[in-house]
Protein chains: 2
Amino acid sequence: MNQSELSRFVVQRRKALKLTQPQLADKVGVGLRFIRELEAGKPTLRMDKVNEVLRFFGCQLGPVPIERSASNNNELDGHA
Amino acid sequence: MNQSELSRFVVQRRKALKLTQPQLADKVGVGLRFIRELEAGKPTLRMDKVNEVLRFFGCQLGPVPIERSASNNNELDGHA
DNA sequence: CGGTTTTATACCTGATAGGGTATGAAATGG
DNA sequence: CCATTTCATACCCTATCAGGTATAAAACCG
């Protein structure tokens with residue numbers, strides 16, 4: 001499972017809030033296993049579920065230029 | 001089906017290339033029905049399939065701040 | 001207007017995502 | 001060091017996504 005940008009984003013944000021996976025799953029209202037798979041970078045996730053999680057972080061899925069996300073560790077994900 | 005940012009993005013890009021839905025489906029290697037649902041804004045799509053399509057446009061799914069995408073018609077999607 | 005192309009909607013089917021859970025590994029910290 | 005917490009992996013089950021197709025509606029253009 002590739003550590004996609006998305007997965008790292010979620011991990012970072014979650015940890016920034018000092019939440020465990022079960023806590024996040026609970027707060028977001030999604031299954032624990034889903035959080036696990038999301039953070040593990042499973043590619044075949046359903047958008048709506050992912051969006052439920054991202055919304056919790058004030059974000060959502062959207063089209064992003066490939067360079068910007070693949071290689072670079074960028075603003076949005078990086079820190080704050 | 002909400003006309004999400006993503007859906008509009010795909011429609012625009014496809015039309016910009018003068019492709020029909022069947023043509024795009026074919027080029028991308030994804031089902032025609034999927035392209036339809038994607039452009040119609042179906043929220044429960046699988047990320048990997050969506051990414052196959054986006055990759056064709058040099059993009060991929062990534063976390064995006066909600067403001068930036070929801071209301072605004074922005075750079076990335078907008079024109080070229 | 002009629003003909004052609006493109007798109008939208010509905011149906012059936014197999015494959016699998018997601019939930020729940022149980023177990024073990026790994027990290028954490030006393 | 002051992003105890004506790006957190007995380008990873010594997011299982012079963014149900015709901016549904018994606019593909020294919022067929023049909024109709026809609027847009028387009030002569």
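So that the names make sense, note that chain A is the first sequence line, chain B the second, and so on, each numbered from 1. Every value quoted in this text rests on a predicted model; they were computed, and no experiment measured them.
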A.B. asks: If I compare all heavy atoms of A:R13 with all of A:C59, which pair ends up nearest, and what's the gap?
C.D. replies: NH2-SG, 4.4 Å
A.B. asks: Under 4.5 Å between any side-chain heavy atoms of B:R46 and A:M47, yes or no?
C.D. replies: no
A.B. asks: Are side-chain N/O atoms of A:R55 and A:Q60 paired as donor and acceptor at under 3.5 Å?
C.D. replies: no
A.B. asks: State, yes or no, whether a side-chain contact exists between A:R8 and A:V11 at a heavy-atom distance under 4.5 Å.
C.D. replies: no
A.B. asks: Check whether any side-chain nitrogen or oxygen of B:Q21 sits under 4.0 Å from OP1 or OP2 of C:dT5, and answer yes or no.
C.D. replies: no
A.B. asks: Output the residues of residues 29-57 of chain B in contact with DNA chain C, where contact means a heavy atom of the residue under 4.0 Å from an atom of the strand; sort by number or write none.
C.D. replies: B:R33, B:R36, B:R46
A.B. asks: Using a cut-off of under 3.5 Å, enumerate the N/O to N/O pairs linking the protein to nucleotides 28-30 of chain D.
C.D. replies:
none

A.B. asks: Evaluate the side-chain proximity of A:L54 to A:L6: yes if any heavy-atom separation is below 4.5 Å, no if none is.
C.D. replies: yes
A.B. asks: What is the separation between atom CG on A:D26 and atom P on C:dT21, rounded to the nearest whole Å?
C.D. replies: 13 Å
A.B. asks: Which atoms form the tightest heavy-atom contact between A:S4 and A:G41, and what is the distance?
C.D. replies: OG-CA, 4.2 Å
A.B. asks: Calculate the interatomic distance between A:L24 atom CG and D:dT6 atom P; express it in whole Å.
C.D. replies: 13 Å
A.B. asks: Which heavy atom of A:K49 sits nearest to which heavy atom of A:F34, and what is that distance?
C.D. replies: CB-CZ, 3.2 Å
A.B. asks: Would you name the heavy atoms of A:F57 and A:R14 that are closest together and state the gap between them?
C.D. replies: CZ-N, 3.8 Å
